[in-house]
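Comments concern the structure below.
A, B, ... follow the sequence lines: proteins, then strands. Residue 1 opens every chain.
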2 protein chains.
Amino acid sequence: MSVETASLFAALGDRTRLSLLTKLSDGQSRSIAGLSAGTDLTRQAVTKHLRILEEAGLVISSKVGRESQFAFRPEPIDDIRAYLDSVSQQWDDALSRLRTFVER
Amino acid sequence: MSVETASLFAALGDRTRLSLLTKLSDGQSRSIAGLSAGTDLTRQAVTKHLRILEEAGLVISSKVGRESQFAFRPEPIDDIRAYLDSVSQQWDDALSRLRTFVER
DNA sequence: CATAAGGGCAACCTCCTGGTTGCCCTTATC
DNA sequence: GATAAGGGCAACCAGGAGGTTGCCCTTATG
C-alpha cells in the first residue's frame, strides 16, 4: 500500500470528507467553490478537507484556469478492501477451524 | 447502518486500533493485559482504544472473572463494504456512461 | 480596465485525541 | 489472609483537527 492503511481510514473518518468523496465518486470533477456551495462550511474548510483526501490519494487535483478541479481517484479503495478482506478471511478461517473442532 | 459510517472509518483510522483489531480478528478473545503485552503503550491507552472500537461495534467485551475479554465483531465490516461498493458503483456507472458517449 | 470570482496562505481559536499517572477496587493465588 | 494481577476512574497534558477570518494574488468578465 502506498499510503498507510490507517491514514486512509482516517481520511474517510469524517462526515464532511465522506460526503465530499461520495459527491465526487459520480465521476464529475468539481472546483472548490462548487464543492463548498450547498455546504455550511467555509471555502477554506472545504479546501483543508480536500487536501487531506488528496494526501490519502482518494482525490486528485489539477488547476484549470483560475479553478482547482478535484476528481475522485478509486485506487486506494482497493487497499481498504484488501484490508477488510484479510480481516474477514482470518475471521472465517477461525470459525471454520472452530466448527471442525466441534464436529469432530 | 447502526453506527455512523464516518465514525466506523474513524475507529479504524488509527494504527494502534487497526492492529488491535487485526489481532482480534483471529477469533480469539483477549484480555486488556493480553492486548497490552508486547505494545509500548500503557494498559490505560489500550483500554481507551478498545472502548472506541467497542462503541463502533467492531469489538465486544465481556467480563470473565477479574478480566475483561474482548472479541472481534465482524458485522460493521459489512457496512463499510456497503459504502465502498456504493462509491465504486457510482464510479463504474460514470465510466461506462463516458465510454458509451465516446464510442457513439 | 475595473471588478468579481476562484483560490492560496497564514494566523488564530477551540475542542478532541492519544497518551500518561495515581489511586482504588476486585479477583486470584500462594 | 496477604499479596499480586487485572481493571476502572479521574485528572492532567501536549499536540493535532476542524474551523474561521483577513489579506493578497490571479484569472475571467462586463
Problem set entry | Working for side chain to side chain donor-acceptor pair (under 3.5 Å), residues A:S25 and B:Q90 | CA-CA 6 Å; A:S25 71; B:Q90 244 198 116; 2.8 Å; yes

If I compare all heavy atoms of [X] with all of [Y], which pair ends up nearest, and what's the gap?
X     : Y     : result
B:R30 : B:D26 : NH2-OD2, 2.7 Å
A:A56 : A:A11 : CB-CB, 3.6 Å
A:D14 : B:A6  : C-CB, 3.9 Å

Exercise. Is a side-chain donor-acceptor pair under 3.5 Å present for A:R15 with B:S7?
Worked result: no

Roughly how far apart are [X] [atom1] and [Y] [atom2], rounded to 0.5 Å?
X     : Y     : atom1 : atom2 : result
A:L21 : A:L24 : CG    : CG    : 6.5 Å
A:S62 : A:E67 : OG    : CD    : 10.5 Å
B:L8  : B:I77 : CG    : CD1   : 7.0 Å

Seminar exercise, completed: Residues in residues 28-36 of chain B with a heavy atom under 4.0 Å of DNA chain D, by number, are B:S31, B:I32, B:A33

For this session: Quick one: label A:R15 by what it contacts on the DNA or RNA (base, sugar-phosphate, nothing), any heavy atom closer than 4.0 Å.
Result: nothing

Which pairs, protein N/O on one side and nucleotides 12-18 of chain D N/O on the other, fall under 3.5 Å?
{"unit_1": "D:dG18", "atom_1": "OP1", "unit_2": "A:D14", "atom_2": "OD2", "d": "3.3"}
{"unit_1": "D:dG18", "atom_1": "OP1", "unit_2": "A:R17", "atom_2": "NH1", "d": "3.4"}
{"unit_1": "D:dG18", "atom_1": "OP1", "unit_2": "A:R17", "atom_2": "NH2", "d": "3.2"}
{"unit_1": "D:dG18", "atom_1": "OP2", "unit_2": "A:R17", "atom_2": "NH1", "d": "3.2"}

Problem set entry | B:S68 (side chain) donor-acceptor with B:V64 (main chain) under 3.5 angstrom | no

Problem set entry | Set of residues satisfying ring pair (Phe, Tyr, Trp, His ring centres under 6.0 Å) with respect to A:F72, sequence neighbours excluded | B:W91

Problem set entry | Side chain to side chain, A:I80 and B:L12, heavy atoms closer than 4.5 Å | no

Side-chain atoms of residues 43-52 of chain B: list all donor-acceptor pairs with protein atoms under 3.5 Å, sequence neighbours left out, distances to 0.1 Å.
{"unit_1": "B:T47", "atom_1": "OG1", "unit_2": "B:R43", "atom_2": "O", "d": "2.8"}
{"unit_1": "B:H49", "atom_1": "ND1", "unit_2": "B:R17", "atom_2": "NH1", "d": "3.1"}
{"unit_1": "B:R51", "atom_1": "NH1", "unit_2": "B:E54", "atom_2": "OE1", "d": "3.1"}

Seminar exercise, completed: So the contacted stretch of DNA chain C, first to last nucleotide with an atom under 4.0 Å from a non-hydrogen atom of chain B, runs from C:dG18 to C:dA28

Problem set entry | Those residues of residues 62-72 of chain A lying under 4.0 Å from DNA chain C by at least one heavy atom | A:R66, A:E67, A:S68

